[in-house]
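Structure, as structure tokens:
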Amino acid sequence: MTRNSTTPAGAAEVSHRLSRAPAALRISAFAVSAVLLSACGADSSENGSTQSGGVGLRLPDETSHIHGVGADPDTGEVFVATHAGLFRIHAPENATGGDAVPEMVGPAIDLMGFSIAGSGRFVASGHPGPGTDLPDPVGLIESRDGGQRWEPLSLQGESDFHALATGEERVIGFDGRLRATEDGSTWEDLDSAIEPFSLAVSDDGETVLAAARQGLRRSTDGGSSFTAVPEAPALVLIDWVAGMDSVYGISVDGQVHRSEDGGATWAPTGTVEGEPEALHADADQLIVVADHRVSRSTDEGATFEAW
């Protein structure tokens, strides 16, 4: 992937999202871009492309921007949602010769929003690639075969969700306004003041966390209203551990934080090398994409190793 030598990867991602985003989303994205540009630096080569020194499996250059990452709860396979489509990475023990190789799954869709809702069941949003028979934007789409095929659910030609999170029976997304659905087609508007970069939701859908321009916000009524989380770190990525009260978050400088009470209080656990782009958390591991590399932690974010 070629990057501007004066612009960190995360700011480039913000610029990409700005070009496609509705007005309300562009406002919040400018705030993130300013933080990224002031907080991060980039090493550049003679041709102006950024060189990543981070640990982990390097994703193919054609993936360009990274929008999400998740692990199938049954197979352990990791899926990375990108500008070029969905890529699958087999679990380390299943990788031939110990070398995991990303492979593209399904059609070319710019998956701006992505969440794994269950084994083989994914929800996403974004824009169709060449040869993909979907409207632009694709609205909320669903796959029940691990990303091989995608079916439209609702808001086709209307919505591009840049943040998506799923509970057991609830999908919450932000497409310029925060809203939720339980059946994939009927939507409920939530707190209009929240403009999240990243969302996390409890299994029952009642507790919602929003990493937003205003700071970390927390709701205990399904997203109808939010309050500030006192002394919370400035997180840009968050993910809820299914079946638990644990939530993980990462700040723009790579600091990893954990909450054991559903996002009410937080403690630092470690640091991931590089600029964070996507986060997945489950009971066994953290998976982080930073500087276009996929890394894994099995000690609650204290250390990370190459995938």
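Counting begins at 1 with the first residue of the sequence. Just so it is clear, the model here is predicted, and its values are computed rather than measured. Computed over heavy atoms, backbone and side chain alike; hydrogens, waters and symmetry mates excluded.
Side chain of Q148 to main chain of G146: no donor-acceptor pair is present (N/O by atom type, distance under 3.5 Å, no hydrogens or angles). Listed for the R293 side chain is no donor-acceptor partner under 3.5 Å among the backbone atoms of E273. Between the D72 side chain and the G76 main chain, no donor and acceptor come within less than 3.5 Å of each other. Here the side chain of S259 pairs no donor or acceptor atom with the backbone of V247 at under 3.5 angstrom. In this structure, the side chain of S159 does not engage the main chain of F161 through any donor-acceptor pair within 3.5 Å. Side-chain atoms of D203 come within 3.5 Å of backbone atoms of G243 as a donor-acceptor pair (strictly under, hydrogens ignored). Between the side chain of D136 and the backbone N or O of H127, no donor-acceptor pair lies under 3.5 Å. Put simply, the side chain of R217 gets close to the backbone of Q214: a donor and an acceptor are under 3.5 Å apart. D191 places a side-chain N or O within 3.5 Å of a backbone atom of F226 that can act as its donor or acceptor partner. A donor-acceptor pair under 3.5 Å links the side-chain atoms of S198 to the main chain of I238, judged by distance alone.
To the nearest 0.5 Å, atom CH2 of residue W150 and atom CG of residue L86 are 6.0 Å apart. Taking OG of S143 as the reference point, atom CD1 of I116 lies at 10.0 Å (rounded to 0.5 Å). Rounding to the nearest 0.5 angstrom, the gap separating the NE2 atom in H83 from the CD1 atom in I109 is 12.5 Å. Distance CE/M112 to OG1/T82: 11.0 Å, rounded to 0.5 Å. Atom CG of L209 is separated from atom CG of L199 by 9.0 Å, given to the nearest 0.5 angstrom. Considering OG of S297 and CG of L286, their distance stands at 5.0 Å, rounded to 0.5 Å.
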So V80 and L59, side chain to side chain contact (heavy atoms under 4.5 Å, CB included) or not? Walk me through it.
-> CA-CA 9 Å; V80 182; L59 292 166; 3.9 Å; yes
Salt bridge (charged side-chain N to carboxylate O under 4.0 Å, His left out) assessment of R149 paired with E142 = CA-CA 8 Å; R149 293 178 297 273; E142 179 188 55; over 6 Å; no
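For the residue pair S202/W240, the side-chain donor-acceptor check at 3.5 Å is not satisfied. For the 3.5 Å distance criterion, the side chains of T298 and Q285 fail to qualify, holding no donor opposite an acceptor. Looking at T269 and E300, their side chains never bring a donor and an acceptor atom within 3.5 Å of each other. Remark: the D110 side chain and the H65 side chain contain no N/O donor-acceptor pair separated by less than 3.5 Å. Looking at H162 and D175, their side chains never bring a donor and an acceptor atom within 3.5 Å of each other. Side chains of T220 and T207: a donor-acceptor N/O pair is absent below 3.5 angstrom, by distance only.
Between R296 and V78 there is no side-chain heavy-atom pair separated by less than 4.5 Å. By the 4.5 Å heavy-atom criterion applied to side chains, Q156 and E158 are not counted as neighbours. Annotation: side chain of F87 is not in contact with side chain of V105 (no heavy-atom distance under 4.5 Å). With a 4.5 Å cut-off on side-chain heavy atoms, F79 and H280 do not count as touching. Side-chain contact check for L140 versus V123: some heavy-atom pair is nearer than 4.5 Å. A 4.5 Å side-chain heavy-atom check between E188 and R170 finds at least one atom pair inside the cut-off. Side-chain contact between L153 and E151 is absent, with no heavy-atom pair separated by less than 4.5 Å. Residues F197 and R213 meet the side-chain proximity criterion, which asks for heavy atoms closer than 4.5 Å.
Counting heavy atoms of neighbouring residues, nucleotides and ligands inside a 6.0 Å radius, atom CD of E169 does not exceed 12 of them.
Note: the hydrophobic cluster containing L216 does not contain V208 (ILVMFWY, side chain heavy atoms under 4.5 Å, direct or indirect links). At a threshold of 4.5 Å between side-chain heavy atoms, the hydrophobic network of Ile, Leu, Val, Met, Phe, Trp and Tyr places V236 and V229 in two separate groups.
When all heavy atoms of W266 and G249 are compared, the pair lying nearest together is CZ3-N, 3.8 Å. The two residues A290 and E277 make their nearest non-hydrogen contact at C-OE1, 3.5 Å. Taking both residues in full, the closest heavy atoms of S251 and L235 are given as N-CD2, 4.0 Å, listed atom of the first, atom of the second, then distance. Minimum heavy-atom separation, V272 to V256: N-CG2, 4.2 Å. Between G262 and R218, the closest heavy-atom pair is O-NE, 2.8 Å. Closest approach of A84 to M104, counting heavy atoms only: O-CE, 3.1 Å.
In this structure, W187 has its ring center no closer than 6.0 Å to that of F174. Note: F114 and F122 meet the aromatic proximity criterion, with ring centroids under 6.0 Å apart.
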